[in-house]
Amino acid sequence: MNPAFYLTILFVHNCTSLGAEEARAKKFLDGLNKRAEDRTYRLKMAKWGYDSNITDSNLQQVITVTSKLSEEEKQDWQELMKFDWQSFQDYDLKRQFEKNSHLVLGSLPKDKIKRYNTIVSEMTKIYSTSKICAFDDPTKCDLALEPDLVNILANSRNPDQLKHVWVEWRNAVGPHCKNLFSEYVELGNEAARLGNFTDTSDQWLHSYEDSKIMDKVEELWKQLRPLYLQIHAYVRTHLRKTYGDLVTEKGPIPAHLLGNMWSQSWRNLAKFILPFPDKRDEDLTEELKKQNYTYLKIFKTAEDFFKSINLTALPESFWKNSILKKPADRQIVCHASAWDFGNRKDFRIKQCTETTIQNFVTAHHEMGHVEYYIQYKDQPITYRKGANKGFHEAVGDLISLSVQSRKHLRKIGLLTSQDDDPESTMNTLFSMGLEKIVMLPFTYLMDLWRRDVFKGKTTPDNYNCKWWELREQYQGVEPPVERSEEDFDPAAKFHTVASIPYLRYFVSIVIQFQFHQAVCEKAGQFVRNDPTKPLHECDIYRSTEAGNALKKMLQMGSSRPWPDAFEVLTGQRHMDGTALLEYFKPLQNWLEAENKKTGAFIGWEKSTKAELICTFNQGDFNLRSVWHGSVAVRVVLEYHKPVHPPERTSPTST
Ligand SMILES: *[C@@H]1O[C@H](CO)[C@@H](O)[C@H](O)[C@H]1NC(C)=O
Ligand SMILES: [Zn+2]
């Protein structure tokens with residue numbers, strides 16, 4: 001035999017025997033991805049059916065479908081685990097196997113899967129269908145969160161009316177969800193443990209592929225908090241001018257006065273509080289209304305921006321199947337969402353769109369999700385996800401940063417009066433700060449609270465107490481009336497009842513400014529140290545360079561760890577608040593000077609209003625502390641010291 005031939009045979013033989021298992025695995029994976037596509041489609045159809053038409057029979061349909069799908073999923077998973085995938089050589093194969101190797105909900109016994117799904121749907125239903133009575137007319141009891149309560153909080157300056165709406169919404173939702181929620185926590189944890197996680201919060205953080213992600217977020221928060229404290233102090237000073245002693249000079253701000261049901265964005269205050277009131281622009285909501293921005297025109301305007309940077313137009317089916325305004329003939333889940341049906345062509349948005357600037361921004365946000373779906377649709381379904389969850393939330397917001405620049409608003413005719421002088425620009429930056437900076441502590445504490453709940457550190461008898469501790473510690477807000485454990489205020493927020501993690505929004509805010517800086521540089525709209533091209537004035541409209549760079553990152557989906565995707569667009573591998581601080585630099589300087597001038601107190605002292613009942617379990621101690629008035633507070637503070645170091649009483653000290 002020809003020795004060369006012999007060698008070749010040997011080589012080929014070796015090669016195939018090494019790869020046989022992986023070749024078989026590859027084939028299995030292809031089949032799995034196809035079946036997962038099909039399952040995604042069936043699941044999304046059932047869920048859409050319910051979310052867009054809340055009825056008992058549609059709920060039953062969701063429960064039936066999810067139970068069936070869990071079984072199929074489990075079979076696939078059992079097959080998958082027969083492979084020795086951890087020893088695979090092929091990077092991509094191994095990565096896809098890893099991503100499919102955690103069976104969480106599907107590991108539970110059937111009746112528990114059913115119960116879990118029933119609970120989450122039930123809580124979502126309570127949240128989505130609750131109505132309250134009007135402040136000035138107790139016989140009018142059909143006020144819905146969207147649009148009625150949202151509008152009252154945005155526009156009313158009557159503190160009694162605001163308090164009424166704030167309290168009644170929590171009465172309508174919280175107590176009805178509390179038992180369901182604690183049962184959900186138990187079941188969720190049980191499933192997470194079966195899926196090889198410590199608990200649900202551990203499971204939620206897994207997709208970041210960084211075991212230190214919470215520490216990183218804490219570090220970022222420390223970097224950005226000084227700016228938050230400046231806004232907080234400035235707003236409090238001005239709210240005192242309106243509400244007098246309802247707002248104390250040095251305390252946390254009452255949560256119902258901030259223009260938003262959860263005090264998570266204070267942007268609606270920009271109507272009342274601006275750095276330079278004489279330079280007030282036309283109100284953007286009024287302008288949208290005046291210019292007949294229907295829900296359709298809002299979405300078409302958003303699509304136009306995406307198209308202008310060479311991203312993809314939305315398919316005909318999107319316009320046909322989406323629900324872009326609130327239907328009159330049925331109850332739906334109004335909380336805005338974007339949907340990928342897994343079949344590479346059906347993408348939808350569901351949003352109860354009103355003609356307001358918030359909804360205009362939300363439309364861009366949701367469309368960003370859809371654009372991501374479209375860009376990564378040719379990846380195997382295992383990778384059809386954001387590089388991490390924060391990326392997915394950041395795409396539409398990134399576009400919004402350009403859209404809301406004065407330059408762009410002028411281009412599309414929403415801004416017509418005034419110059420773009422430094423004072424008008426400061427007003428714009430202030431509005432953006434009320435949205436972006438203010439959002440940070442809330443996005444962080446939502447999952448801090450749930451982390452401790454899932455870890456069993458926070459138990460049902462101190463759910464609400466711990467919630468308000470975090471609200472005060474991070475946001476510097478306090479409830480307008482006394483709260484107790486009869487109340488369950490975390491449930492008044494959609495993501496709590498719908499079981500949607502929230503840390504993604506924190507990550508999103510930080511990285512969208514890093515993305516913004518990167519695309520603006522590519523568009524030639526931002527030049528470092530060039531005062532004529534500051535980051536906050538950048539508009540990437542019509543820049544295909546910017547769009548193509550973004551597209552490249554989006555197309556990767558989750559096929560690589562997120563730092564790889566991050567690097568493709570930004571050249572960096574780390575989250576960092578510097579870009580955000582760069583954007584807001586003029587505002588920060590101005591606020592610091594202004595707060596100094598007025599002698600505003602920076603930070604906040606302990607709330608004296610809240611009555612909270614907390615049970616602390618710490619080693620041998622089981623302290624039951626009642627907070628009531630300032631005398632008792634002093635006692636509580638002593639109890640607290642060993643539990644939480646000084647930060648919680650005075651964040652200014654750190
Ligand atoms: C809502 O669902 C019910 C079934 O529960 C169905 O009869 C009805 O036609 C649906 N309505 C719409 C508008 O789809
Ligand atoms: Zn989103």
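Predicted model only: the values in this text are computed from it and were never measured. When a ligand or atom number is given, it counts from 1 through the structure's own listing order.
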- Query: What atom name does the N, O or S atom of E393 nearest to the Zn ion (ligand 2) carry?
  - Reply: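 Minimum-distance N/O/S atom of E393 relative to the Zn ion (ligand 2) is OE1.
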
For [Y], is the NZ or CZ atom of [X] found under 6.0 angstrom from the centre of its six-membered ring and inside 45 degrees of the ring axis?
X	Y	value
K216	W221	no
R170	W166	yes
R348	F341	yes

- Query: Is D378 paired with R344 through a side-chain N to carboxylate O contact shorter than 4.0 Å?
  - Reply: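 Salt bridge between R344 and D378, a charged N being under 4.0 Å from a carboxylate O: yes.
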
- Query: Can you tell me the protein heavy atom closest to atom 4 (C) of ligand 1 and the distance?
  - Reply: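 Here the closest protein heavy atom is S57 OG, 3.5 Å.
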
- Query: Among protein heavy atoms, which sits nearest to atom 2 (O) of ligand 1, and what does the distance come to when rounded to 0.1 Å?
  - Reply: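 Scanning the protein heavy atoms, the shortest distance from atom 2 (O) of ligand 1 goes to N53 ND2, 2.3 Å.
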
- Message: Would you say NZ of K131 has more than 12 non-hydrogen atoms from neighbouring residues, nucleotides or ligands within 6.0 angstrom?
- Response: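 Count over threshold, so yes.
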
- Item | H392 near the Zn ion (ligand 2) via N/O/S, less than 2.8 Å |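 No, outside the cut-off.
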
- Evaluate the 4.0 Å heavy atom contact test for atom 7 (O) of ligand 1: does a protein atom fall under the cut-off?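 When distances to the protein are checked, atom 7 (O) of ligand 1 has no heavy atom within 4.0 Å.
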
- Item | Those atoms of ligand 1 less than 4.0 Å from some heavy atom in R330 |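 Taking each heavy atom of R330 in turn, ligand 1 has 13 (C) under 4.0 Å.
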
